[in-house]
Amino acid sequence: MIKVLIADDELIVRKGLIATVDWEKFGMEVIADAPNGQKAWELFQQHCPEVVITDIVMPEMNGIELARNIKQSSPTTKILLLSCHRDFAFAQEGMNIGASGYILKTAFEDHQFEEYLGRIENEINHTNIQNSYDSSYLAKEFYEWLCDFENSFPKLVEELFSNEWNWMENPYYIYLITGINSSEFFQKKLSCGEKHFALIPCGHDQAFIFIQEKSKADFEHLLVEARSIGSSIRWKDHGPNRGMNEWMDGVTNLFRRFKFEKQFKVSMEDWPLPIRKAVQIIIQDLDQSFSSSYIANEVGLSRSHFSTMFKKTVGESFIAFIEKLKVKAACELLENTSLPLQNIGEKIGIQDGKYFSKWFKKCMGKTPSEYRQDKKQNVS
């Protein structure tokens, strides 16, 4: 439902609108009403309604000031002004701010009011559909790019940095957050709070969020607050960063580290530095066939010392660890992408499609196609 807030200093006007308008007809519900602009502003920050219907002349904060505050905080919010004849100049100012329209209270007609509501409903629904499509496409391209597949995502990032992401030419932080779907509190606060932020979903129940450097402390306070009320939200950050190249490097490094720690339920922060470096080499080039001798040389250890330290730290042998890592990577790609099996096999270093299917079935007890189909059925 589309949330509506009504602000008017006349109680009879507020209650009359709430009682007489068929809000469900327009997919709307009135979630709050306010007797003055200041109270309306507080309620707006609390509820984040998509539509605000406000009188122009009110005590404490008038409708124009309210509209200006709302548009600065949430430019997509629709505002409908209620006006008297003597408020015409104010009404024009409101339209300049971005109000969707105004209605004369002295010549109020139901059909005119409903025309505005119908138009606003169509605009909101169209925007939601378009944003949903754009967001879904961006998320799909982003995830496949993170998994090292060539696609249109780098071009999309260039376009974003040329337009709505140009604020990231200044210092910003990257957050990879899990449990984001479980926190309505967090999503509500984020949607009507920070103006300079960006969000891209990344797999199930997780997302990358980008926050300008000066907002880092407030944003982390919000994360802590969301977790304190029972949310399963967890996060890691990377930064400060500046510009598109650091964006690319930052999200890639954070994703690989986060994915590894999530898959194996460990934290690399407590591992010896040579083992951390070794694992980073492996996960960055999972399509390569590394020997323990090669990796040992890369991290400055003898092969025997490296093998002993690796098993003690990770809990299994170097070869067993790599196979488990490749299985988990293949499962993720089967679940979250529509990429052909041949391509998925190649990404984990198995060039032959038939061998990939046999190897996967040996490890998981089912073929890659069966695994993908089972996951789709579970989701639906």
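Quick note: residue numbers are just sequence positions, from 1. Being a predicted model, the structure only gives us computed values, none of them experimental.
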Q. How close do Leu43 and Ala32 get, heavy atom to heavy atom, and via which atoms?
A. CD1-CB, 4.0 Å
Q.
For Phe210 and Trp165, take the angle between the two ring planes, folded into 0 to 90°, and tell me which bin it lands in: parallel under 30, tilted 30 to 60, perpendicular over 60.
A. tilted
Q: State whether a side-chain donor-acceptor pair under 3.5 Å links Glu246 with Tyr172.
A: no
Q: Measure the shortest side-chain to side-chain distance between Met61 and Asn69 over non-hydrogen atoms and say whether it is less than 4.5 angstrom.
A: yes
Q) Would you say Ile12 has more than 12 foreign heavy atoms packed within less than 6.0 Å of its CD1? A) no
Q.
Among residues at least two apart in sequence or on other chains, which ones pass side-chain contact (heavy atoms from CB on, under 4.5 Å) with Glu164?
A. Leu160
Q) Excluding sequence neighbours, so at least two apart, what forms side chain to side chain donor-acceptor pair (under 3.5 Å) with Tyr371? A) Glu335
Q | Contact summary for Leu223 and Ile233, nearest pair of heavy atoms | A | O-CG2, 4.0 Å
Q. Which residues pass the side-chain contact (heavy atoms from CB on, under 4.5 Å) test with Thr313, sequence neighbours left out?
A. Trp271, Pro272, Ile275, Met309
(Q) Would the distance check show the side chain of Lys277 and the main-chain N or O of Val299 forming a donor-acceptor pair, the cut-off being under 3.5 Å? (A) no
Q | Residues Gln342 and Glu346: side-chain donor-acceptor under 3.5 angstrom | A | yes
**Q.** Value rounded to 0.5 Å, distance of NZ in Lys326 from OG in Ser289
**A.** 4.5 Å
Q) Nearest heavy-atom pair of Ile295 and Ile281: which atoms, and what distance? A) CD1-CG2, 3.7 Å
**Q.** Geometric class of the Phe306/Phe318 ring pair [parallel <30°, tilted 30-60°, perpendicular >60°]
**A.** perpendicular
Q.
Within the structure provided, determine whether Leu5 and Trp41 are in side-chain contact (heavy-atom separation under 4.5 Å).
A. no
Q) If you measure from CD on Glu65 to OG1 on Thr54, what distance do you get to the nearest 0.5 Å? A) 11.0 Å
Q: Check whether any side-chain N or O of Glu50 sits under 3.5 Å from a backbone N or O of Lys3 as a donor-acceptor pair, and report yes or no.
A: yes
Q: Measure the CG-CG distance between Leu138 and Leu199 for me, rounded to the nearest 0.5 Å.
A: 10.0 Å
Q) CD1 of Ile31 to CD1 of Ile6: how many Å apart, nearest 0.5 Å? A) 9.5 Å
Q. NZ of Lys71: more than 12 outside heavy atoms within 6.0 angstrom?
A. yes
Q. Should Phe153 and Leu146 be marked as a side chain to side chain contact (heavy atoms under 4.5 Å, CB included) after you check the CA-CA gap, both sets of side-chain angles, and the distance that decides it?
A. CA-CA 10 Å; Phe153 185 74; Leu146 279 174; over 6 Å; no
Q) Can you check side chain to side chain contact (heavy atoms under 4.5 Å, CB included) on Lys361 and Lys358, steps first, answer last? A) CA-CA 5 Å; Lys361 186 172 183 178; Lys358 290 180 180 179; 5.9 Å; no
Q) Do Tyr143 and Pro201 have side chains that get closer than 4.5 Å, going by heavy atoms? A) no
Q) Could you walk me through whether Lys140 and Glu144 pass the salt bridge (Lys or Arg N to Asp or Glu O under 4.0 Å) check? A) CA-CA 6 Å; Lys140 174 182 174 295; Glu144 291 184 359; 3.4 Å; yes
Q.
Please say yes or no: joined through hydrophobic side-chain contacts below 4.5 Å, possibly via intermediate residues, are Leu117 and Met1 part of one cluster?
A. no
Q) Which heavy atom in Glu114 sits nearest to a heavy atom in Phe26, and how many Å separate them? A) O-CE2, 3.6 Å
Q | Side-chain donor or acceptor of Asp55 paired with backbone N/O of Met58 under 3.5 Å | A | no
Q. Would you find more than 12 non-hydrogen atoms of other residues, nucleotides or ligands less than 6.0 Å from Arg303 atom CZ?
A. no
Q: Evaluate the criterion side chain to side chain contact (heavy atoms under 4.5 Å, CB included) for residue pair Trp359 and Val327; output intermediate values, then yes/no.
A: CA-CA 9 Å; Trp359 170 83; Val327 169; 3.5 Å; yes
Q) Does Phe197 have its ring centroid less than 6.0 Å away from the ring centroid of Phe219? A) no
Q: Assign the ring pair Trp145 / Trp247 to parallel, tilted or perpendicular, where the plane angle (0 to 90°) is split at 30° and 60°.
A: tilted
Q.
The criterion is side-chain contact (heavy atoms from CB on, under 4.5 Å); which residues satisfy it with Leu254, sequence neighbours excluded?
A. Ile174, Leu176, Phe208, Lys236, His238
Q: For Glu169 and Arg242, work out which heavy atoms get closest and say how close.
A: O-CG, 2.7 Å
Q: Measure across Cys48 and Gln45 and return the closest heavy-atom pair with its distance rounded to 0.1 Å.
A: SG-O, 4.1 Å
Q. Mind checking what makes ring-ring contact (aromatic ring centres under 6.0 Å, His included) contact with Tyr116, not counting sequence neighbours?
A. none
Q) Do the side chains of Ile282 and Phe321 get nearer than 4.5 Å, heavy atoms only? A) yes
Q.
Is there a side-chain contact between Leu341 and Thr367 in this structure, where contact means two heavy atoms from C-beta onward sitting under 4.5 Å apart?
A. no
Q: Would you mind reporting whether Asn62 and Val57 have side-chain heavy atoms less than 4.5 Å apart?
A: no
Q. Do other residues, nucleotides or ligands put more than 12 heavy atoms under 6.0 Å from Glu24 CD?
A. no
Q. Would you say Ser100 and Arg119 make side-chain contact, with heavy atoms under 4.5 Å?
A. no
Q) In Å, rounded to the nearest 0.5 Å, how long is the span from CG of Leu334 to CD of Gln373? A) 12.0 Å
**Q.** Chi angles and distances behind the side chain to side chain contact (heavy atoms under 4.5 Å, CB included) call for Lys39, Glu60
**A.** CA-CA 9 Å; Lys39 181 63 176 177; Glu60 297 192 34; over 6 Å; no
Q) Taking atom CD1 of Ile2 and atom CD1 of Ile120, what is their separation to the nearest 0.5 Å? A) 9.0 Å
Q. So, do Phe290 and Glu298 sit near enough that their side-chain heavy atoms are less than 4.5 Å apart?
A. no
Q | Sequence neighbours excluded - salt bridge (charged side-chain N to carboxylate O under 4.0 Å, His left out) pairs with any residue from residues 211-223 | A | Lys216-Glu220
**Q.** Parallel, tilted or perpendicular: rings of Phe113 and Trp23 (30°, 60°)
**A.** perpendicular
Q.
Around atom CD1 of Ile319, are there more than 12 heavy atoms from other residues, nucleotides or ligands closer than 6.0 Å?
A. no
